[in-house]
Amino acid sequence: MLESTSRAHLFGGRYRGREVTFQLPRPIYIYDDMISKVTVRQGMNVDAIDLLREQPTIETLIDPSRNHWIDMMGANIIQDDEQTATLQFGSIFRSELILN
């Protein structure tokens, strides 16, 4: 592993999480590009973290009209290109894999 850091702000400041970069045991090739490192970023929405701090457990049924969780759930989105893949659960969680 080359580097591991906790970050206060990822993905434009909306997420709090970590970033890890590690060296591959040997290079791989995608088309003609040599890849020797991989970076993984993961983060949770700072508003969701604040909601968890305020109310870590929910003991009653959730009232949809008063709950911010429902607004943050959104759709699950997976995107990729030749050197990057992104997984997002609404606006609550985001993870990114970058090949370098």
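The first residue in the sequence is number 1, and the count goes up from there.
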Joint cluster assignment, Ile28 & Val40, ILVMFWY side-chain distance < 4.5 Å:
yes
What I'd like to find out is whether the side chain of Ile30 reaches to under 4.5 Å of the side chain of Leu99, using heavy atoms alone.
yes
Under 4.5 Å between side-chain heavy atoms, chaining through other members, with only Ile, Leu, Val, Met, Phe, Trp and Tyr counted: pull out the rest of the cluster around Tyr29, sorted by chain and number.
Met34
Hits for side chain to side chain donor-acceptor pair (under 3.5 Å) against Asn100, two or more places apart or cross-chain, chain-then-number order -> Thr39
Under the side chain to side chain contact (heavy atoms under 4.5 Å, CB included) test, residues paired with Ser91 that sit two or more places apart:
Arg14, Tyr15, Asn45, Met72
Qualifying ring pair (Phe, Tyr, Trp, His ring centres under 6.0 Å) pairs, either residue in residues 81-100, two or more places apart
Phe89-Phe93
Could you tell me if the side chain of Lys37 sits less than 4.5 Å from the side chain of Phe22, heavy atoms only?
no
Hey, any chance Ile92 and Leu52 share a hydrophobic cluster, counting ILVMFWY side chains that come within less than 4.5 Å of each other, even indirectly?
yes
Inter-residue atom distance Asp71.CG - Asp47.CG, 0.5 Å rounding:
11.0 Å
Search all heavy atoms of Ile35 against all heavy atoms of Leu24 and return the closest pair with its distance.
O-CD1, 3.7 Å
Check against side chain to side chain contact (heavy atoms under 4.5 Å, CB included), Leu10 and Glu19
CA-CA 9 Å; Leu10 289 170; Glu19 179 177 305; 4.2 Å; yes
Identify, with sequence neighbours excluded, every residue that meets side chain to side chain contact (heavy atoms under 4.5 Å, CB included) alongside Ile49.
Arg16, Met44, Arg53
Donor-acceptor pairs under 3.5 Å, side chain of residues 78-87 to any protein atom, not counting sequence neighbours: which ones?
from	atom 1	to	atom 2	distance (Å)
Asp81	OD1	Gln83	N	2.9
Asp81	OD1	Thr84	N	2.8

Would you give the length of the straight line joining atom CD of Gln42 to atom CZ of Arg18, rounded to the nearest 0.5 angstrom?
5.0 Å
With a 4.5 Å heavy-atom cut-off, do Gln88 and Asn76 have their side chains touching?
no
